[in-house]
Amino acid sequence: FGNSKGSGRGEWDYYFEYTECDSTGSRWRVAIPHSQGSCSGLPEPVRGTDCTFSCEAGEFLEMSSQQCTSCAAGSYSLGSGVRFDQWDSIPAGFSSLATYMDSGGSGDESMTCNNSSWTPQGTHLESNRDDCTVSLVYAVHLMKQGSVSFDYQYLDSNVFFEFFIQNDQCQEMDQTGSEKWIKLTSNGEWGTHTVNLKSGTNILYWRTTGMLLGGKPVKPVLLKNIQIEGVAYTSECFPCRPGTFSKTPGSSSCDLCPRNTYSGKGASSCTPCSKTQYSQEGWSECKERPPCSEKDYFQIHTACDSDGKTQMLYRWVEPQVCVENVTGAVTLPPSGEKEDCPPCNPGFYMHNSSTCLPCPQGTYSDGTTECQRCPGGTEPSLGYEYKWWNILPRNMKTSCFNVGNSKCDEMNGWEVAGDHIRVGVGGSDNDYLILNLRVPGFKLPTSVDDASATEFGRITFIFETDCSADCELYFMISTNVVESWVGSKPRQAYTHTMTKNASVSYTWAFQRTNKASDVRQYVNDIAKIYSITVTNAMDGSASGCHACAMMSQQDGSSCVPCPAGHFINKDTNQCQECPPNTFLSGHHIYGKEACQPCGPGSKNNKEHSVCFNDCTFSHLDQNRTLTYDLSALSSVGSIMNGPSFTSKGTKYYHQFNISLCGAEGRKVAVCTDNVTDLSSKDLQNESADLNNFIKTFVCQSTIIPADGRGFRTSLSSQSISLADTFLGASVHKNLDGVTVSSDLFPESSWKVPDINFFFRSPQPTASCLNGRSTVVTLRCNPEKSARGELTVPSKCPAGTCNGCEFHFLWESSSACPLCTETDYHSIEGACKGGVQDTLYVWNEPKFCTKGVLLPNKTSAQCEVVSLWVKAGIGGGAFMAVLLVSLTCYFWKKNKSGHTWISV
């Protein structure tokens, strides 16, 4: 664990060390010569301190006296711990190991990971940005129980980040899922992870695996401040790293040098920079101040004054490091003319010509007029509608953060600018410029039924970005990134619907580039937000009123809630149930037109909140009605395609879960992200809380098998919804803008039309501006089981050819129509023994299932007559007819003869 130089035989000829501890926990201090083979004159061994002995923080064990001694100024110690906070290089004892465990048959992928490693970045370590598996490894021997803690940033769910511990037999220590799998952090925030360690050898692993499925590089994991407690003692203090100092003896840490000062290694104080130089906090050297340029100032809009005026001003970026009075330097532009303040935002009114206040409860304003009470039969439409930016609204805040420095900690990340809000200059090009909006919850209109609501509110914002580099704008809810946009984007709107009623924090974070640099290059790359609208915000103000249901038509009657599935009749302002086969969309229930018709092959649930297919279907085919029973397909169907491989050979699969019909329209297909929530033990027992999951009609997860990278369990991540809304079921190939291409699947050999179930996920994404759509095609195949088999198009093995339109074929005997009387025919048998049988057989080929049963064989009585008897009877009948005819002929002839004789 350390040593101490000694004197006596010759100054600095030897040093002290402890022997290994024996079974009683004792050890000896022995002298070790610096030169081999020279052992005479060394001090005799003496009994050492107890094996679990340790000094306090700020002290070290002086081996000559075996006494704890305070660290000198300019150094520090943790007593029984070690801390790694300087990352100009990877410290001794650490190693970065790129591993490759599943070549997938390609053979040479392992060679491509040789250049992948954890990279020191001065103040922190950065993981690899590719899809290799790279481990940071550190081995430590503890004489007593201790712990390890570290700070980290983990932003990208496309990276699997795990921390685990092995013993000296390379056996993994028992850890819970929360200890092994690291939780995601939000942009600009550091998380801290702490795990207890057992005495003995502990081999610590920080392991990352990236998944480059869309070709977009992953965001690296960042590590800093690794601290290990439980080391028995330290025999020397650690010098303060450059840019830090400790001015008093016995320090347990070093402080950063202030701005415009610097220090070298082991400093007890910081040295001021000269007047022509500057430094940032924690710098180890000073730099020459550059001439001022356009990148060193920014514009702001002043708050409204008492006269209702605002003005554009220019300010130097603080702290100002540039020099104004040198050749080539620019000066601050003059301030702009005073202008009228923009109006108040909708829902607010002007107070004292300079301050905007929210309208009182029960009133509304468009921002330019005084607040007014809502007329009878209406109530205020609560929410936020921010489109004028003179000051930052009270429920919004802005900040700036940088992973590697604290230059911009006191700066505003965003600045108001009249008709928009824009990012500030920050302190570095890789700052995170953060804007946050807090909503305490949502309150639906009085007349809307909370229990059946599918939408509690929505946020819509209009934005644009103008960049010359790899800038990125993130939109997040809490710590989860909902969507991001890379590079320049034209002015556009984005909407997100809230399906749960809870407090929520919306965050916008903008980063000009993810590459750190002391030189500003992209200060003019900006993001602008023109407006932010949130509906049904609990503490919002009203820009207008909407109709509500009334107890009666009398004036002064109060608003009342409508039962589920009811709309407000425009004539009576009374609640009225929606017609059959319609549903209420969102929370707008005024007028019968709010009840929208269900799609083909669907009907409404009891609450008229959704339309769904009840696992039955019928259609007219050649004057015949075909009826289907799809109940065997009501439980969730799954298909896993692949395997596929990343560029570095990681094997992965895509798993799709499909909830086709039934369940009263509830979304029962679930896809989970188990990386950050579950351990393998929890997965096997399926008993853990599934915190990261989506529930929808059709969803997709990326699965890395347990053998893919040596994980203890299969990993499921990148879960997305492909179908939030059921559009309808039809034998036609298009519905509501969603189309099935004829060449996706081979033609059916059975003469029964396919049934197409159409779904849509309207939420736009950066790659699918119109959202995603899914079609599940049901095909009759009597040779399949009732559950059948799911497949994807052969030319689109990922289920999609463009990432936005997904197609599945579900072949099943359940997709055949129910049998009717027209699907069989009768065959009459010979009359035997006075009995004749009639058999019933199915028409071939048989295309139906279930339905009517095949009738049983029937029998009827009949008489048996021989052939000779039949011939005799026939001949006798013929002779009888002949004799009658001759008799009649001669009788008529005789009668005519008698008449002539009389004459």
Side-chain angles (χ1 to χ4, degrees), residues 85-88 119-127 129 150-156 184-192 217 219-225 241-244 255-262 278-285 287 290 295-298 315-322 397-415 422-436 465 467 469-474 476 479 481 484 486 507-527:
D85 57 4
Q86 184 175 349
W87 302 100
D88 296 315
T119 307
Q121 299 290 345
T123 59
H124 60 276
L125 269 179
E126 182 179 283
S127 71
R129 293 174 180 261
F150 54 90
D151 296 337
Y152 70 94
Q153 274 207 3
Y154 176 27
L155 305 173
D156 195 340
L184 287 167
T185 60
S186 59
N187 280 315
E189 291 185 3
W190 288 92
T192 300
K219 297 189 181 302
V221 174
L222 308 182
L223 276 181
K224 70 175 184 179
N225 294 340
R241 65 181 176 86
T244 66
D255 298 320
L256 294 174
C257 286
R259 289 191 177 106
N260 297 323
T261 66
Y262 72 100
Y278 77 101
S279 73
Q280 301 292 350
E281 186 180 49
W283 278 19
S284 60
E285 61 180 359
K287 293 184 179 182
K295 298 178 180 180
D296 292 307
Y297 63 81
F298 61 98
R315 294 283 185 267
W316 292 115
V317 174
E318 294 293 342
Q320 183 181 351
V321 299
C322 66
K397 62 181 182 179
T398 179
S399 59
C400 179
F401 180 84
N402 191 290
V403 171
N405 61 61
S406 57
K407 292 182 191 177
C408 75
D409 286 1
E410 305 301 322
M411 298 181 182
N412 286 334
W414 293 67
E415 300 284 353
R422 59 163 59 193
V423 292
V425 291
S428 305
D429 283 346
N430 65 331
D431 291 341
Y432 286 106
L433 305 167
I434 298 168
L435 181 67
N436 179 269
T465 57
C467 303
D470 56 340
C471 72
E472 188 160 7
L473 174 66
Y474 303 87
M476 298 180 292
T479 59
V481 176
S484 66
V486 178
T507 300
W508 295 263
F510 182 75
Q511 189 181 38
R512 291 184 168 94
T513 178
N514 56 28
K515 301 175 182 64
S517 173
D518 288 335
V519 180
R520 298 301 299 270
Q521 295 177 290
Y522 309 115
V523 70
N524 294 321
D525 291 4
I526 61 170

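Being a predicted model, the structure only gives us computed values, none of them experimental.
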| Roughly how far, to the nearest 0.5 Å, is CZ of F510 from CG of D431? | 11.5 Å
| message | Give me the atom names and distance for the closest heavy-atom approach of C400 to G426. | response | SG-CA, 4.3 Å
| Would you say the ring centroid of W283 lies under 6.0 angstrom from that of Y278? | yes
| task | Would you mind reporting whether Q280 and N260 have side-chain heavy atoms less than 4.5 Å apart? | result | no
| request: Just do the side-chain contact (heavy atoms from CB on, under 4.5 Å) check on D470 and Q511 with the steps written out, would you? | output: CA-CA 9 Å; D470 56 340; Q511 189 181 38; over 6 Å; no
| remark: Taken to the nearest 0.5 Å, the spacing of L222 CG from Q153 CD works out to 5.0 Å
| Identified side chain to side chain contact (heavy atoms under 4.5 Å, CB included) counterpart of F150 within the set L223, N225, L125, T192 | L223
| message | For a side-chain contact (heavy atoms from CB on, under 4.5 Å) check, start with the C-alpha distance between Q521 and D429, then their side-chain angles and the critical distance, and finish with the verdict. | response | CA-CA 7 Å; Q521 295 177 290; D429 283 346; 3.8 Å; yes
| said: Go through it in stages, so that I can follow the logic: the residues are Y432 and R512, the test is side-chain contact (heavy atoms from CB on, under 4.5 Å), and I'd like the CA-CA distance, side-chain angles, deciding distance and then a yes or no. | reply: CA-CA 8 Å; Y432 286 106; R512 291 184 168 94; over 6 Å; no
| field | Separation between CG of N524 and SG of C467, rounded to the nearest 0.5 Å | value | 11.0 Å
| What's the spacing between H124 NE2 and T119 OG1 if we round to 0.5 Å? | 9.5 Å
| Is any side-chain heavy atom of L155 closer than 4.5 Å to a side-chain heavy atom of T185? | yes
| Least distance between heavy atoms, W87 atom then K224 atom | NE1-CA, 3.9 Å
| query | Which heavy atom in D296 sits nearest to a heavy atom in W316, and how many Å separate them? | reply | O-CE3, 3.3 Å
| Non-hydrogen atoms of Y154 and V221 that approach each other most closely | CD1-CG2, 3.9 Å
| Straight-line distance of L256 CG to R241 CZ, nearest 0.5 Å | 6.0 Å
| query | Are N412 and T398 close enough that a side-chain donor and a side-chain acceptor fall under 3.5 Å? | reply | no
| query | Given the rule in the side-chain contact (heavy atoms from CB on, under 4.5 Å) test, do W508 and I434 qualify, once you have shown the distances and angles that lead to the verdict? | reply | CA-CA 6 Å; W508 295 263; I434 298 168; over 6 Å; no
| Do N430 and T513 meet the criterion of a side-chain donor-acceptor pair at a distance under 3.5 Å? | no
| field | Gap separating the CZ atom of R422 from the OG1 atom of T465, nearest 0.5 angstrom | value | 13.0 Å
| query | Below 4.5 Å, heavy atoms only, C-beta onward: do C257 and Y262 meet side chain to side chain? | reply | no
| task | Kindly give the heavy-atom pair with the smallest separation between S279 and T261, and that separation in Å. | result | OG-O, 2.7 Å
| message | Checking E126 now: which residues fulfil side-chain hydrogen bond (donor to acceptor under 3.5 Å, both in side chains) with it, not counting sequence neighbours? | response | R129
